[in-house]
Amino acid sequence: MQDYHEFMDEVLVDEQTIARRVAELGEQISRDYADKDLLIVCLLRGAITFTADLTRRLTIVPELDCMSLSSYGVGHYASSGNVRVNLDLRTNIEGRHVLLVEDIVDSGRTLAHVLEMLRTRNPASLRVCVLLDKKERREVPVQVDYVGFDVPDKYVFGYGIDIDERYRHLPFIASVDLSKYKRPE
Ligand code: PRP
């Protein structure tokens, strides 16, 4: 497997900066949901790392569930907008205060799809927390309530975000120089 140093363009958000922002988001969410019974929904797989760190910065007691979606069709590095549910929630969200946690919003198609689906289940409230917002790429308008960082229109990896299902384990967020990246066999 290629060492990421060979294809990394630059570190966009380092580990300490992520930790500081995640702590701020944790405080803000704890304040906003202080008198509510919060259900956090982690969108697998990209949001695993962010959700794990964010939930540990909460001072309230949330319930946690996961969903797995995948987009299929055109493009290796961008969402096609055709979204399939691989794993649904175990929790009935009717009447619940739901906070969806996502790693990155790009075209907005994945979020738009999941929000529409979850709204039909009649939650008491439904909000979104994303670590990275790639605003320049938006094709579908989606309301994002909590944002970690705005990022430029570059391919990014690390802190849960993959390139070809690798490099999610890295503790920072970096951009890729695609001319130097070799896809695994
Ligand atoms: C990525 C990311 C978002 C989506 C964003 O998911 O986690 O869900 O793409 O793109 P969009 O705003 O253009 O829809 P991916 O399908 O790569 O799955 P993963 O979370 O398992 O990495």
Side-chain angles (χ1 to χ4, degrees), residues 22 25-26 29 32-33 36-56 58 60-149 151 153 155-170 173 176 183-184:
V22 169
L25 288 170
I29 291 165
D32 293 352
Y33 289 90
K36 297 198 172 65
D37 183 16
L38 174 63
L39 172 68
I40 291 201
V41 171
C42 169
L43 285 188
L44 303 175
R45 285 174 271 183
I48 291 176
T49 311
F50 179 37
T51 306
D53 285 348
L54 180 67
T55 53
R56 284 178 293 175
L58 296 176
I60 53 171
V61 182
E63 191 178 335
L64 181 60
D65 203 346
C66 298
M67 274 185 100
S68 170
L69 307 171
S70 56
S71 67
Y72 58 97
V74 220
H76 282 300
Y77 302 109
S79 160
S80 64
N82 301 314
V83 178
R84 178 194 297 134
V85 178
N86 300 318
L87 174 76
D88 207 338
L89 296 172
R90 290 175 67 183
T91 317
N92 175 4
I93 64 166
E94 186 169 356
R96 300 294 306 270
H97 293 284
V98 178
L99 178 64
L100 205 57
V101 178
E102 177 61 306
D103 53 349
I104 185 163
V105 54
D106 191 316
S107 70
R109 292 184 188 283
T110 305
L111 263 183
H113 182 94
V114 70
L115 286 171
E116 191 185 316
M117 186 175 82
L118 294 182
R119 273 195 199 103
T120 65
R121 301 181 188 182
N122 301 315
S125 67
L126 181 57
R127 287 186 186 166
V128 176
C129 176
V130 300
L131 181 68
L132 304 179
D133 191 350
K134 224 188 244 185
K135 287 202 172 73
E136 289 169 53
R137 298 259 308 171
R138 199 75 88 255
E139 292 171 23
V140 176
V142 277
Q143 181 172 340
V144 178
D145 304 279
Y146 305 94
V147 178
F149 305 95
V151 282
D153 180 13
Y155 296 126
V156 297
F157 67 99
Y159 199 72
I161 300 170
D162 71 304
I163 324 173
D164 294 325
E165 294 304 332
R166 305 301 204 293
Y167 311 104
R168 292 189 196 269
H169 66 293
L170 295 168
I173 291 152
V176 187
R183 299 199 72 197

Who passes side chain to side chain donor-acceptor pair (under 3.5 Å) against [X], sequence neighbours left out?
| X | result |
| --- | --- |
| D32 | Y146 |
| R166 | none |
| D153 | none |
| E136 | none |

Does [X] have any salt bridge (Lys or Arg N to Asp or Glu O under 4.0 Å) partners at least two apart in sequence or in another chain, and if so, which?
| X | result |
| --- | --- |
| D145 | none |
| D65 | none |
| R84 | none |

Ring geometry between Y159 and F50 (parallel below 30°, tilted from 30 to 60°, perpendicular above 60°):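 Because their plane-to-plane angle lies in the 30° to 60° range, the rings of F50 and Y159 count as tilted.
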
I'd like to check the side chain to side chain contact (heavy atoms under 4.5 Å, CB included) partners of [X]; sequence neighbours left out, ordered by chain and number.
| X | result |
| --- | --- |
| P141 | none |
| R56 | A52, D53 |
| N92 | E94 |
| D88 | M67, V85, R121 |

Working to the nearest 0.5 Å, report the span between [atom1] of [X] and [atom2] of [Y].
| X | Y | atom1 | atom2 | value |
| --- | --- | --- | --- | --- |
| K134 | D106 | NZ | CG | 4.5 Å |
| H113 | M117 | NE2 | CE | 5.5 Å |
| I173 | F157 | CD1 | CZ | 10.5 Å |
| S68 | L87 | OG | CG | 6.0 Å |
| L39 | I93 | CG | CD1 | 7.5 Å |
| Y167 | D162 | OH | CG | 11.0 Å |

Qualifying residue for side-chain contact (heavy atoms from CB on, under 4.5 Å) with L54, from I29, T49, L131: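 Answer to the side-chain contact (heavy atoms from CB on, under 4.5 Å) test with L54 among I29, T49, L131: I29.
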
For V114, the option from V41, V83, L69 that meets side-chain contact (heavy atoms from CB on, under 4.5 Å):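 When V41, V83, L69 are each tested with V114, the side-chain contact (heavy atoms from CB on, under 4.5 Å) holds only for L69.
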
Using every non-hydrogen atom in the two residues, find where [X] and [Y] come nearest and quote the distance to one decimal.
| X | Y | result |
| --- | --- | --- |
| L25 | C129 | CD1-SG, 4.5 Å |
| G108 | V105 | CA-CG2, 3.8 Å |
| P184 | D164 | CD-OD2, 3.6 Å |

4.5 Å side-chain heavy-atom contact, V128 and Q143: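 No, side chains not in contact.
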
Donor-acceptor pairs are to be reported for all side-chain atoms of residues 97-104 against protein atoms at under 3.5 Å, with residues two or more places apart or in another chain.
unit_1 : atom_1 : unit_2 : atom_2 : d
H97    : ND1    : S125   : OG     : 2.7

Atom CD of E165: over 12 foreign heavy atoms under 6.0 Å: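 Yes, CD of E165 has more than 12 neighbouring heavy atoms, counting only those of other groups under 6.0 Å.
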
